[in-house]
S.K.: 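Pasting a structure here, questions to come.
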Amino acid sequence: MRQNRDIVIPSQKLFNVKRYNFQQPRCNFSLKNEEDADQIVEDICKGDTDLEKKLRILMLEVEVMRQDGRYAPDRIRNDQWVHLLELQSKSQRTNYLRYLFKTEKAKENFKAKKEAKRIENPVIKPEDVKENEDDLLYGIQHQSLFLRIRDQSINQFDNYRALQAMIYGQGLVIDCSYDDDMVYKETLNAAKQLTFVFGDNRIHKQPFNIHFCNLNMEGAFMQQLRKNIPSLDEPWFPINLHTKSYLDVFPREKLVYLTPHCREELTHFDHDAVYIVGCMVDKMNNEPLSLARAKRDGLKMAKLPLDRYLEWAPGSKKNLNINHMVPILLDLKLTSDWEFALRHIPRRKLMETKIKAMEKRWQNNPEKKDNLINAFKGKSNNFTKKKFNTLLFREKRMNNKEYNFKSKRSLYDDENI
């Protein structure tokens with residue numbers, strides 16, 4: 001083992017993938033290609049001499065990193081050059097270039113594996129066999145008794161459901177006024193979560209009429225959201241975009257701001273209220289900004305009763321993502337069942353997951369059980385052996401079929417409700 005620990009196994013051998021040489025240039029941009037460099041400078045700087053000087057220095061820095069064999073991608077888009085210009089320190093630029101490099105290589109490896117799989121497993125069309133010449137052939141390429149439902153038809157059906165919600169559905173506000181309170185990574189993450197929110201909402205049986213309020217149409221959040229949803233600005237797209245505040249769209253007495261920092265709990269779902277969910281990813285900033293915003297506007301506030309129905313693991317944060325909050329509200333509006341609605345919360349935050357992990361650790365060595373209990377005593381106050389056994393019994397009960405809501409199923413079927 002010690003003799004072979006320094007041996008590096010190539011990824012092609014590890015995954016049984018052959019090496020394919022794609023005849024393409026090293027990079028889209030290079031200082032050797034002055035025409036591409038001038039085009040990038042012209043598109044970004046637009047005649048600004050100071051910005052042009054800074055951009056050319058940055059291009060030279062990236063090219064030196066490529067020549068030295070450091071992490072630098074071969075292709076850099078114009079928006080990525082703009083973001084590199086906004087970064088202040090060299091370490092920030094290095095980390096961002098490393099991220100772009102890894103993303104680029106992951107896409108190349110995926111294409112290489114896909115091409116290798118296509119070459120090794122060619123699709124052979126089966127021959128059509130007829131017993132008699134007058135026999136009919138049934139199948140996808142021949143006559144069929146069933147109507148083929150294409151992806152475009154399913155997409156149109158989902159959009160029709162969202163359009164119905166815009167006319168008859170209950171309103172739900174996504175407050176997008178936190179652009180200045182998030183860093184660049186958090187902005188990208190928030191845009192990704194809202195993309196999932198739109199998809200989960202339109203496939204639900206009773207979707208919300210979602211309103212994006214306080215939008216900055218030229219901000220980084222909206223630019224990333226347009227990349228995720230290219231048809232966002234189309235007039236037929238089933239979503240409401242507002243640059244104005246939610247106070248200008250809905251009456252104040254109907255608005256309820258959902259924030260985890262308030263004291264009032266949401267005991268029952270009000271079908272006449274308009275709930276507000278803040279579009280913020282707070283990995284760096286832990287200030288109660290949503291609470292301050294709700295107090296400033298004089299709105300009602302509420303939080304989900306998570307402690308009543310769930311046993312949280314020590315050290316787990318009770319702040320939920322946007323793409324967890326909206327599915328919880330959708331299921332709560334449809335079923336009024338908190339246990340069913342809270343199935344969207346990640347299992348890693350709950351005590352049952354920790355218990356399963358501990359069971360695996362002491363499965364072969366029962367003597368570790370007391371040591372693990374003592375370890376949890378140090379992390380969680382008032383954690384006794386009796387409480388631990390109670391949680392263990394609750395975990396076994398949750399494994400039954402009537403309590404098992406871990407799998408996220410489609411809400412098209414009535415039997416899932």
S.K.: Can you tell me if CD1 on I149 sees more than 12 non-hydrogen neighbours from other groups inside 6.0 Å?
M.R.: no

S.K.: State whether the side chain of S177 and the backbone N or O of N214 hold a donor-acceptor pair below 3.5 Å, judged by distance alone.
M.R.: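 A pair under 3.5 Å: no.
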
S.K.: Tell me whether the centres of the aromatic rings in Y184 and H83 are closer together than 6.0 Å.
M.R.: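 That pair passes the under 6.0 Å test.
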
S.K.: Decide if atom CG of D180 counts as having more than 12 heavy atoms of other residues, nucleotides or ligands within a radius under 6.0 Å.
M.R.: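 12 or below, so no.
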
S.K.: Where the side chain of N95 meets the backbone of S91, is there a donor-acceptor pair that is under 3.5 Å apart?
M.R.: yes

S.K.: Please report the C-alpha distance between L55 and L84 in whole Å, then the side-chain angles of each, then the deciding distance to 0.1 Å, and finally whether the side-chain contact (heavy atoms from CB on, under 4.5 Å) criterion is met.
M.R.: CA-CA 9 Å; L55 179 58; L84 281 170; over 6 Å; no

S.K.: Would you check, one step at a time, whether the test salt bridge (charged side-chain N to carboxylate O under 4.0 Å, His left out) holds for E42 with K46?
M.R.: CA-CA 5 Å; E42 183 180 354; K46 298 180 181 179; over 6 Å; no

S.K.: When you measure from the side chain of H242 to the backbone N and O of K244, does any donor-acceptor pair fall under 3.5 Å?
M.R.: no

S.K.: Provide the closest heavy-atom pair for P327 versus I322 in the form atom of the first, atom of the second, distance.
M.R.: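 Residues P327 and I322, closest heavy atoms: CD-O, 4.3 Å.
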
S.K.: By ring pair (Phe, Tyr, Trp, His ring centres under 6.0 Å), which residues pair with F196, not counting sequence neighbours?
M.R.: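 Result, ring pair (Phe, Tyr, Trp, His ring centres under 6.0 Å) vs F196: none returned.
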
S.K.: With no hydrogens and no angle check, is any side-chain donor or acceptor of N189 less than 3.5 Å from a backbone partner on K185?
M.R.: no

S.K.: Would you call L310 and L342 a side-chain contact if the rule is heavy atoms closer than 4.5 Å?
M.R.: yes

S.K.: Between P73 and R66, which heavy-atom pair has the shortest distance, and what is it?
M.R.: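 For P73 versus R66, the nearest heavy atoms are O-NE, 2.8 Å.
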
S.K.: Please determine, by modelled atom types, if Q156 and Y160 share a side-chain donor-acceptor pair under 3.5 angstrom.
M.R.: no

S.K.: Under a plain distance cut-off of 3.5 Å, with no hydrogens placed, do E63 and Q67 share a side-chain donor-acceptor pair?
M.R.: yes

S.K.: Establish, for the pair R343 and F340, whether the NZ or CZ atom is under 6.0 angstrom from the six-membered ring centre and no further than 45 degrees off its axis.
M.R.: yes

S.K.: Does either side chain, that of N209 or that of H211, offer a donor lying less than 3.5 Å from an acceptor on the other one?
M.R.: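 Judged by distance alone, the side chains do pair up.
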
S.K.: Would you check, one step at a time, whether the test side-chain contact (heavy atoms from CB on, under 4.5 Å) holds for R93 with E61?
M.R.: CA-CA 10 Å; R93 293 193 294 271; E61 178 183 338; 3.5 Å; yes

S.K.: Cation-pi check for Y178 against R293: NZ or CZ below 6.0 Å from the six-membered ring centre and within 45 degrees of the axis, yes or no?
M.R.: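 Yes, a cation-pi geometry.
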
S.K.: So do the side chains of N240 and F212 get within less than 4.5 Å of each other, counting heavy atoms only?
M.R.: no

S.K.: What is the distance from atom CD of E218 to atom CD of Q223, rounded to the nearest 0.5 Å?
M.R.: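 One finds 7.0 Å between CD of E218 and CD of Q223.
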
S.K.: Is it true that a side-chain atom of N132 and a backbone atom of D134 form a donor plus acceptor pair closer than 3.5 Å?
M.R.: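 No, because the side chain of N132 does not come within donor-acceptor range (under 3.5 Å) of the backbone of D134.
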
S.K.: Rounded to the nearest 0.5 Å, what's the gap from OG1 on T49 to NZ on K54? Could you check?
M.R.: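 Going from the OG1 atom of T49 to the NZ atom of K54 covers 13.5 Å.
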
S.K.: Does H271 have any ring pair (Phe, Tyr, Trp, His ring centres under 6.0 Å) partners at least two apart in sequence or in another chain, and if so, which?
M.R.: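 With sequence neighbours excluded, H271 shows a ring pair (Phe, Tyr, Trp, His ring centres under 6.0 Å) to F269, given in chain and number order.
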
S.K.: Determine, for K300 against E253, whether the closest basic-nitrogen to carboxylate-oxygen distance falls under 4.0 angstrom.
M.R.: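 Salt bridge: no.
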
S.K.: Ring centroids only, cut at 6.0 angstrom: are F208 and F198 within range, meaning strictly under it?
M.R.: no

S.K.: If you round to the nearest 0.5 Å, how far is OG1 of T259 from CD1 of I276?
M.R.: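 If we round to the nearest 0.5 Å, I276:CD1 and T259:OG1 are 11.0 Å apart.
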
S.K.: Hey, could you give me the SG/NZ distance between C262 and K295, rounded to the nearest 0.5 Å?
M.R.: 9.5 Å

S.K.: For the CE atom of M325 and the CD atom of Q193, what is their distance to the nearest 0.5 Å?
M.R.: 12.0 Å

S.K.: Going by heavy atoms in the side chains, are Q224 and T187 under 4.5 Å from each other?
M.R.: no

S.K.: Within a strict 4.5 Å, meaning less than it, do heavy atoms of the R98 and K102 side chains meet?
M.R.: yes

S.K.: Would you call Y257 and D297 a side-chain contact if the rule is heavy atoms closer than 4.5 Å?
M.R.: no

S.K.: Evaluate whether atom OH of Y71 has more than 12 neighbouring non-hydrogen atoms of other residues, nucleotides or ligands under 6.0 angstrom away.
M.R.: no

S.K.: Would you sort out whether D74 and F101 count as a side-chain contact (heavy atoms from CB on, under 4.5 Å), showing the intermediate values?
M.R.: CA-CA 8 Å; D74 294 339; F101 175 80; 5.9 Å; no

S.K.: So, do V256 and L266 sit near enough that their side-chain heavy atoms are less than 4.5 Å apart?
M.R.: no

S.K.: Measure across R161 and R202 and return the closest heavy-atom pair with its distance rounded to 0.1 Å.
M.R.: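 Closest approach of R161 to R202, heavy atoms only: CD-O, 3.1 Å.
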
S.K.: side-chain hydrogen bond (donor to acceptor under 3.5 Å, both in side chains) with D43: which residues, sequence neighbours excluded?
M.R.: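 side-chain hydrogen bond (donor to acceptor under 3.5 Å, both in side chains) check on D43 returns Q39.
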
S.K.: Begin with the C-alpha distance, continue with both residues' side-chain angles, and end with the deciding distance and a verdict on side-chain contact (heavy atoms from CB on, under 4.5 Å) for V41 and L51.
M.R.: CA-CA 9 Å; V41 171; L51 185 61; over 6 Å; no

S.K.: Keeping the roles fixed (side chain from D270, backbone from D272), state whether a donor-acceptor pair exists under 3.5 Å.
M.R.: yes

S.K.: Given side chains that start at C-beta, do those of D233 and R226 come closer than 4.5 Å, heavy atoms only?
M.R.: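 A side-chain contact exists here, since the closest heavy-atom pair is under 4.5 Å.
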
S.K.: With a cut-off of 6.0 Å (strictly less than), are more than 12 heavy atoms of other residues, nucleotides or ligands near CZ of R150?
M.R.: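 It does not: R150 CZ has 12 such atoms or fewer within range.
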
S.K.: Give the minimum heavy-atom separation between T267 and R308, together with the two atoms involved.
M.R.: CG2-NH1, 4.3 Å

S.K.: Using only heavy-atom distances, determine whether the side chains of H344 and D200 contain a donor-acceptor pair under 3.5 Å.
M.R.: no

S.K.: Looking at D248, I want to see if its CG is surrounded by more than 12 non-hydrogen atoms of other residues, nucleotides or ligands under 6.0 Å.
M.R.: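 More than 12 within 6.0 Å, yes.
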
S.K.: Between T353 and K349, is there a donor-acceptor pair closer than 3.5 Å when you use the side chain of the first and the backbone of the second?
M.R.: no

S.K.: When rounded to the nearest 0.5 angstrom, what distance separates OG in S153 from CZ in R148?
M.R.: 11.0 Å

S.K.: Using 4.0 Å as the upper bound for N to carboxylate O, is an ion pair formed by R118 and E115?
M.R.: yes

S.K.: For a quick test of reading the model, state the closest non-hydrogen atom pair linking Q80 to R75 and the distance between them.
M.R.: OE1-O, 4.1 Å

S.K.: Over all heavy atoms of both residues, which pair between D181 and E186 is shortest? Give the atoms and the distance, please.
M.R.: O-OE1, 4.2 Å

S.K.: Quick one, I210 and M166 - any side-chain contact, counting heavy atoms below 4.5 Å?
M.R.: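 Counting from C-beta outward, I210 and M166 never come under 4.5 Å.
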
